[in-house]
Each structure stands twice: as C-alpha cells, then as structure tokens.
There are 2 protein chains.
Amino acid sequence: MRNRITIQRVAELANVSKATVSRVLNGYPHVRPEVRDKVQRIIDETGYQPHNIARLLASDRSSIIGLAISSSAQVVFNDPYFPAITEAVSKGAASKSLVLSLFVSYTDQQGQDTLGRILAGGLLDGLLLTADYKGISVLPQWRQADIPVLFIGRPTNTVGINYVDVDNVQGGWLATSHLIDLGYERVATIGSNRNAAGDDRVTGYRKALKQHGLAWDERLVAFGDYSPESGYAGMQALLPYKPQAVFVASDTMALGALRALREAGLRVPEDVALVGHDDLPPAVQADPPLTTVRQPIARTGQLAVDKLAQIIDASEGTPAENSVLPVKLIVRESCGALPAK
Amino acid sequence: MRNRITIQRVAELANVSKATVSRVLNGYPHVRPEVRDKVQRIIDETGYQPHNIARLLASDRSSIIGLAISSSAQVVFNDPYFPAITEAVSKGAASKSLVLSLFVSYTDQQGQDTLGRILAGGLLDGLLLTADYKGISVLPQWRQADIPVLFIGRPTNTVGINYVDVDNVQGGWLATSHLIDLGYERVATIGSNRNAAGDDRVTGYRKALKQHGLAWDERLVAFGDYSPESGYAGMQALLPYKPQAVFVASDTMALGALRALREAGLRVPEDVALVGHDDLPPAVQADPPLTTVRQPIARTGQLAVDKLAQIIDASEGTPAENSVLPVKLIVRESCGALPAK
DNA sequence: ACAGTAGATGAAACCGGTTTCAAAGTATGG
DNA sequence: CCATACTTTGAAACCGGTTTCATCTACTGT
C-alpha cells in the first residue's frame with residue numbers, strides 16, 4: 001500500500017503518542033477532552049482509517065465470521081432457503097460491523113480443505129454452519145481450531161453445540177391442524193427425513209393428527225429431499241390413496257406437487273388442498289398461491305450473528321442456551337380456506 | 001489464541017532462523033535440500049499452520065476478495081441469478097485459495113458505509129461487483145482505496161473498468177431468431193431497461209427482427225424489472241396486440257408471463273410461444289418447461305475470480321481486456337418446436 | 001501545606017509473520 | 001592458488017496497530 005496514513009503519522013500531527021491515538025480510536029478513557037478533540041480533528045482532516053489487518057494482528061480478533069453452507073452436489077442454491085438465509089446473515093453481520101466470508105459446500109473434499117486451512121490460519125473469529133443435512137457433526141478441523149461455532153438449524157447427531165432454529169414441530173402442527181380444522185379427513189404429508197427440520201415437521205404433522213383423533217396412515221406419508229422433483233414424485237406416490245389435503249414440508253417440494261396434481265387433472269384446492277412450509281417467494285407466485293408456514297428467516301440470520309458474537313465475546317462461559325423461533329401460518333388460496341380469486 | 005505454534009518455535013526445533021522457515025514455507029530458493037527437508041518435517045510433525053493475519057500484515061496481501069451484490073430493497077436474492085453467481089464465485093475463489101467475503105446490498109446507505117470502511121481498512125485484495133443496475137459506477141470509496149475492481153456484467157456508465165459479461169445481444173438474437181424460424185410473425189418481447197444486460201437482449205431482439213425483414217413494433221415491446229410480477233404485467237400489456245410468440249428477457253419474468261397467459265386462458269405454446277433467458281432451475285420446473293438461453297454462470301464466476309486475481313497480481317499494467325462469454329439456446333417445450341409431453 | 005491517590009501520557013514491548021542486508025561458505029576460472 | 005561470484009544463512013528491521021508499565025501531573029483529604 002503506497003503511502004497510507006498510519007497511526008504514527010496521526011500521532012505526530014497531533015503531537016501525541018501512538019498510544020493516545022489508539023485510545024481515542026477505540027474510545028478508551030484516560031484522555032483529556034481537549035486532547036481527544038484534537039486527535040479526532042486530525043483523524044477527520046486526514047481521513048485516516050486504521051489498517052484492519054494490523055489491528056487484527058495486535059488484538060487477536062479479526063471481526064470476520066464465516067458462513068459455511070453445506071450440501072452435496074448441485075442442490076446448494078436451488079432451494080431459495082439458502083439465498084435467503086445468506087442474505088439475512090450478511091445483513092446481520094453488517095449491522096454488527098462484522099465481515100462475512102462465505103464458504104459454499106463445506107462438506108466435499110475441496111470445501112473441507114479450504115475451510116480447514118482458513119480455520120487453522122486463525123482468520124475467523126467464529127463460524128456459522130447450516131445444519132441442512134443429517135450427519136453433519138463436529139468436524140476435526142474446527143474441533144482443533146476451537147473456534148466458536150453456531151449452527152443454523154438443529155444438527156442431529158451432536159450435543160453441546162449451540163444452535164438457532166425455528167420451531168419446525170409447530171410448523172407441521174399448524175399446517176396440519178389448519179387442514180383438519182377445515183374439515184379434511186384424509187390429510188397426507190410429503191415430508192423429509194434428510195434433516196432435523198424434516199423430522200420435526202413430520203412430528204408436528206403426527207401430533208396434529210393424534211390430537212384430532214385421526215390415525216397415522218403410512219400410505220399417506222411420503223418423503224422427499226426438498227427438490228421440486230421429489231415433491232412431484234411424492235405426490236404421485238400419494239395419489240392412489242386419495243388424499244383430500246396434503247401438508248408439504250417445503251414450498252419448493254410443493255411446487256413439484258402442484259405440477260403432479262395438474263398433470264393428474266386435479267384442481268387445487270377444490271380436489272386436493274395444499275399447505276406448504278417456509279413462505280419463500282415462490283409460494284406467492286405459485287398457481288394458486290400457497291398457504292404456507294412462514295419461517296422468520298431474516299430474524300434467524302440476525303439472531304445467529306448476534307448469538308455468535310455473544311459467544312465470541314464471552315470466550316469462556318459458553319452460553320449453551322439455544323433459541324427456537326416461532327413460526328406462523330400464512331393463509332392463501334391453496335388450502336381452500338379462501339375463495340379463489 | 002492460546003498457545004499456537006509460531007514460526008519462531010518451528011525455527012528453534014529445526015535449529016534454523018525464522019527467515020529460513022519462511023523460505024521453506026513459501027517455496028523460495030536458496031535453501032539447502034536437507035535443511036528444507038528437515039524444516040518441512042518439523043512443520044509436518046507439529047502441524048504448524050502459519051498465522052494468516054500476521055502473514056497478511058507483513059506481506060500487504062490478504063488473499064481475501066469481496067463480492068458485492070448491489071440491488072435495492074428486497075429484490076436481491078429473489079432472482080436465482082444472484083445465488084447462482086454467488087455460488088460460482090465462491091467456488092472460483094476456493095479453487096484459487098482465496099477467501100471470499102460477501103456484501104449484500106452495497107448500494108444502500110448502510111451497505112455503502114460497511115463496504116467503504118472495509119475497503120479503507122485494506123482488508124480486501126480485490127472486489128467483484130455485480131453490475132445489475134444502471135447507475136452503478138465508480139463510487140468514491142473504492143476510487144480512493146484504489147483497489148482492483150472487476151464487474152460481473154457490463155456497467156453502463158463507466159469506461160475503463162474491467163468486466164466479465166455474457167453475450168446478451170447474442171442471447172436476444174438467438175431466442176428471437178429461433179421463434180422467427182419456427183414461423184411466428186408477431187414476435188414480441190418483454191425486456192428490461194434496468195441494466196446493460198436488459199438493453200443488450202432487446203438489441204439482439206431488434207437485430208433478429210431486422211435481419212428477417214420484420215418491422216419493429218413498439219406495441220410488441222414491454223419492459224420489466226426481472227421480477228415475476230413485472231413479467232405478469234408485461235404480458236398483460238402485450239396481450240391486446242395478439243403476439244404469437246414472446247421472447248422474455250429472463251426466466252423469472254417468464255414465470256410471471258406464463259401465469260398471465262394461463263389466466264387469460266391461453267395455452268403455451270399452442271396459442272402463444274415463449275422463450276426465456278438464463279436457464280436457471282425454474283426454467284425446467286415451469287409448466288411447460290421453458291425454452292431459454294443458457295448463460296454459463298459457473299464459468300462466469302470462475303472467470304471473474306481468475307481475472308481479478310490476474311489484475312491483483314499484475315498490480316501495474318492493468319490488462320483492460322474484457323471477456324464476453326457466449327450463450328446457447330436450450331430448446332424445451334414452451335417454444336413449440338418440440339411436441340408437448 | 002503535604003502525603004496519597006487517581007488520571008493522563010508516552011516509551012517500548014508485542015502480535016507473527018516477511019524481507020533486506022551483511023556475513024560466511026562454496027564453487028568457478030585464470 | 002587466489003580473486004571473484006554465487007549460494008546459503010541468520011540478525012534485525014519492518015508491517016501498523018494494541019497493551020503494559022512507568023512516570024508525571026493534578027486533585028483529594030487532613
């Protein structure tokens with residue numbers, strides 16, 4: 001960097017020592033107001049900006065957090081959930097003056113190597129991980145780096161790890177109860193067993209059935225992998241058993257399910273009612289617009305950053321208190337509660 | 001960091017100086033093979049990892065590049081283009097051992113502040129910017145930081161700035177020509193004038209018309225903002241003028257257009273043929289699947305990283321040579337060239 | 001008026017690497 | 001066999017901040 005202004009230069013101009021400038025910079029006490037003002041003026045006049053890297057080295061803090069998005073293969077950004085959470089985390093980080101670095105596909109070999117190297121290099125103050133697949137657990141890399149880690153979504157096979165999650169059981173329950181309350185009796189589901197969220201939503205479905213005195217019928221339960229194709233296949237598997245209503249555990253799968261219904265010549269909601277989950281943009285665009293369960297993604301992202309920052313600051317007593325955010329039913333046309341437009 | 005192994009410790013264990021270890025680490029010459037081996041052995045045994053931050057400070061290189069995604073309001077990650085390019089850039093960065101940091105919404109006030117601070121702090125070696133809106137130009141922040149910058153997509157009002165783009169003129173031309181070749185005569189378009197890509201696609205459309213001796217009819221041209229809603233509105237505006245075929249300048253808008261057609265009781269492609277642009281996942285999921293122009297997004301991302309890295313390394317003679325990647329027509333059902341399934 | 005203490009300040013060490021430079025060692029050529 | 005050049009190596013400076021610690025000043029209470 002050619003001739004950047006350094007703290008030394010500012011100190012000279014203000015006739016004080018580097019230490020004093022540093023104190024002003026960081027708002028520390030023990031500086032006389034007039035000195036503080038003078039230094040501040042010089043800083044403003046020169047447009048001095050502290051050199052991040054140098055600051056990091058000295059303070060052993062980088063103010064950089066990582067967001068690692070798992071996923072095998074191409075699925076990554078196909079589900080709009082990931083972009084949404086990424087955006088939310090990005091904004092959360094900005095609001096706390098943290099820099100966000102992004103790692104896509106940390107589960108494949110190259111991703112692991114990259115991430116491992118970064119972690120060992122001490123660049124990151126903390127790491128957020130999306131727990132979107134079962135089997136994600138504490139990988140050796142970050143166990144060794146002992147860096148603060150927080151999962152977004154509940155990891156399945158790891159205890160003592162902090163996470164921020166939404167209440168997926170409630171999601172499944174809300175959707176299913178709504179359908180039952182509307183009078184449907186053969187209520188099916190297209191769930192997923194790929195991750196904890198999928199399990200939870202099915203649990204909510206089951207809970208609602210039980211509570212309303214309906215029996216669990218294996219043939220009315222299909223499983224998918226959050227892709228539209230799997231929703232399509234799931235619906236085709238359900239059709240022979242004549243469901244009156246279906247809770248689809250993700251909007252993305254619901255789009256596939258819609259297509260299967262259309263191809264089978266069935267109308268939504270007249271012949272089969274549908275409720276999705278997530279309330280991502282495609283839900284509104286669908287034909288008919290999807291009744292769905294809204295996850296507070298923006299809040300999830302912000303909260304994840306806040307909690308991670310908190311863990312980083314605490315450094316010692318890791319506050320193992322996890323957060324589960326509530327979800328909310330959004331009624332549109334696909335469930336039959338509203339008249340079609 | 002508690003008790004990390006430092007270069008000093010490695011040097012002691014190997015009975016050499018820090019300088020020598022540094023040479024081994026960076027593969028510099030002037031180290032006797034046996035010394036090199038010994039140092040390497042110690043490094044392996046201890047699992048030593050150089051401290052990134054310290055290295056950065058000393059070498060004035062961070063190996064961190066930024067990706068700034070512009071956009072006002074909520075639009076950001078609604079168009080699957082952004083997630084796709086983000087993923088591509090992320091992988092590109094990983095393949096070059098660069099760390100990627102992400103800045104969403106760099107055009108609003110907070111985003112600008114954040115980015116400005118980071119740039120001035122000298123944390124980033126280079127910056128990639130998505131040129132998705134007209135009016136994005138060289139902001140004072142990075143002009144001052146004089147950091148290497150590369151646009152993804154062609155910026156409209158800036159010269160002498162490097163960019164990587166896809167051949168949008170060709171895209172518009174391919175789509176329109178295809179429709180004309182299929183025998184449609186009233187070929188409309190839903191374009192966009194929000195960015196250079198939009199302009200170019202319309203230019204391609206116009207070029208194809210001219211080349212086939214068809215007249216430009218103002219009433220057959222609508223403009224949108226890449227949202228499904230604007231595609232919907234655009235199609236409604238076109239319908240009174242009875243287009244036989246429409247080139248929609250993005251798949252996302254095409255989805256909206258499809259909905260407008262369905263609501264008008266028109267079948268695709270029997271009544272109106274459609275060609276989209278981008279070939280993002282929704283194109284395949286659409287009903288009917290969209291004929292569209294495929295942009296090589298993965299390659300764009302990788303190329304952008306490569307070029308940025310090149311500019312960073314060159315430091316002096318900025319190679320102002322820009323790249324424009326070719327696009328390709330993908331024929332599916334919405335254009336009527338194939339029989340419906 | 002004076003001991004005691006709190007506040008303000010600067011010098012210097014430090015963070016963990018890279019890079020320069022001088023010195024020592026080794027090979028080459030006349 | 002000696003002058004010359006080239007390779008190998010380590011000591012020390014350096015990158016630009018933060019933090020410790022000692023010193024000096026000013027204020028408190030008696």
Side-chain angles (χ1 to χ4, degrees), chain A residues 1-40 42-43 46-64 117-118 120-125 145, chain B residues 1-40 42-43 46-64 117-118 120-125 145:
Chain A
M1 204 125 318
R2 315 172 313 313
N3 45 12
R4 109 183 328 274
I5 305 162
T6 72
I7 200 174
Q8 179 67 52
R9 183 100 185 82
V10 174
E12 284 163 11
L13 290 173
N15 281 319
V16 296
S17 70
K18 296 194 316 181
T20 299
V21 178
S22 178
R23 289 188 188 102
V24 173
L25 237 41
N26 296 290
Y28 290 157
H30 304 311
V31 179
R32 265 196 351 259
E34 64 244 49
V35 173
R36 186 181 295 274
D37 289 350
K38 177 163 187 192
V39 171
Q40 190 58 56
I42 302 285
I43 290 177
T46 56
Y48 165 72
Q49 284 277 8
H51 190 291
N52 262 315
I53 309 278
R55 174 177 263 183
L56 308 190
L57 176 58
S59 62
D60 211 10
R61 271 292 173 79
S62 74
S63 295
I64 303 176
R117 203 161 28 73
I118 303 303
L123 183 64
L124 302 181
D125 274 355
Chain B
M1 204 126 315
R2 315 172 313 314
N3 46 14
R4 108 183 330 272
I5 305 164
T6 71
I7 201 175
Q8 179 67 52
R9 183 97 184 83
V10 173
E12 284 163 11
L13 289 174
N15 282 318
V16 296
S17 70
K18 295 195 316 183
T20 300
V21 177
S22 179
R23 290 188 188 103
V24 173
L25 236 42
N26 297 289
Y28 292 157
H30 304 311
V31 179
R32 263 194 358 257
E34 65 246 46
V35 173
R36 186 180 295 273
D37 288 350
K38 178 164 185 188
V39 171
Q40 190 58 55
I42 303 284
I43 290 177
T46 57
Y48 165 73
Q49 285 276 7
H51 190 290
N52 262 314
I53 309 278
R55 171 177 266 179
L56 309 190
L57 176 58
S59 62
D60 213 11
R61 272 290 173 81
S62 74
S63 296
I64 304 177
R117 203 160 29 73
I118 303 303
L123 183 63
L124 302 181
D125 275 355

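Just the heavy atoms: all of them, side chains too, but no hydrogens, waters or symmetry mates, feed the values below. Naming: A, B, ... by sequence-line order, numbering from 1 per chain.
Across all strands, A/Ser22 comes closer than 4.0 Å to base atoms (heavy-atom distances). B/Val31 comes within 4.0 angstrom of sugar-phosphate atoms only, judged by non-hydrogen atoms across all strands, and of no base. In this structure, A/Val21 reaches neither bases nor backbone, as no heavy-atom distance under 4.0 Å exists between it and the strands shown.
Dashed line: the shortest gap from a side-chain N or O of A/Asn52 to OP1 or OP2 of D/dG17 is not under 4.0 Å. In this model, the phosphate group of D/dT18 is approached by a side-chain N or O of A/Arg55 to a distance below 4.0 Å at OP1 or OP2. Side-chain N/O atoms of A/Tyr48 include one lying less than 4.0 angstrom from OP1 or OP2 on D/dG17. Close to D/dT9, at under 4.0 Å from its OP1 or OP2, lies a side-chain N or O of B/Arg32. Taking side-chain N and O atoms only, B/Tyr28 has no distance below 4.0 Å to OP1 or OP2 of C/dT18. Phosphate proximity of C/dG10 to A/Ser17: present, with a side-chain N or O under 4.0 Å from OP1 or OP2.
Atom NE2 in B/His51 sits about 20 Å away from atom P in D/dC15, given to the nearest Å. Between the CD1 atom of A/Ile53 and the C1' atom of C/dC14 there is a distance of 18 Å, given to the nearest Å. Across the protein-nucleic acid pair, A/Asn15 atom CG and C/dG10 atom C1' stand 13 Å apart, rounded to whole Å.
Listed nucleotides: C/dT18, D/dA11, D/dG17. Nearest to the side chain of B/Ser59: C/dT18. The side chain of A/Pro50 approaches D/dG17 more closely than any other nucleotide in the set D/dA11, C/dG16, D/dG17. Among D/dT9, C/dG10, C/dG17, the nucleotide with an atom closest to any side-chain atom of A/Thr20 is C/dG10. Here D/dA11 is the nucleotide among D/dA11, C/dG10, D/dG17 with the atom lying nearest to any side-chain atom of B/Ala19. Among D/dT18, C/dG7, C/dG16, the nucleotide with an atom closest to any side-chain atom of A/His30 is C/dG7.
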Per-nt protein contacts along nucleotides 23-28 of chain C (heavy atom under 4.0 Å; B base, S backbone sugar-phosphate only, - none) come out as ------
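In terms of polar N and O atoms assigned as donor or acceptor, the side chain of B/Arg23 comes within less than 3.5 Å of the base of D/dG10 in a complementary pairing. Between the base of D/dG10 and the side chain of B/Lys18 there is no donor-acceptor pair shorter than 3.5 Å.
When each of A/Ala58 and B/Leu57 is assigned the nucleotide of DNA chain D with its nearest heavy atom, B/Leu57 is the one assigned upstream, toward the 5' end.
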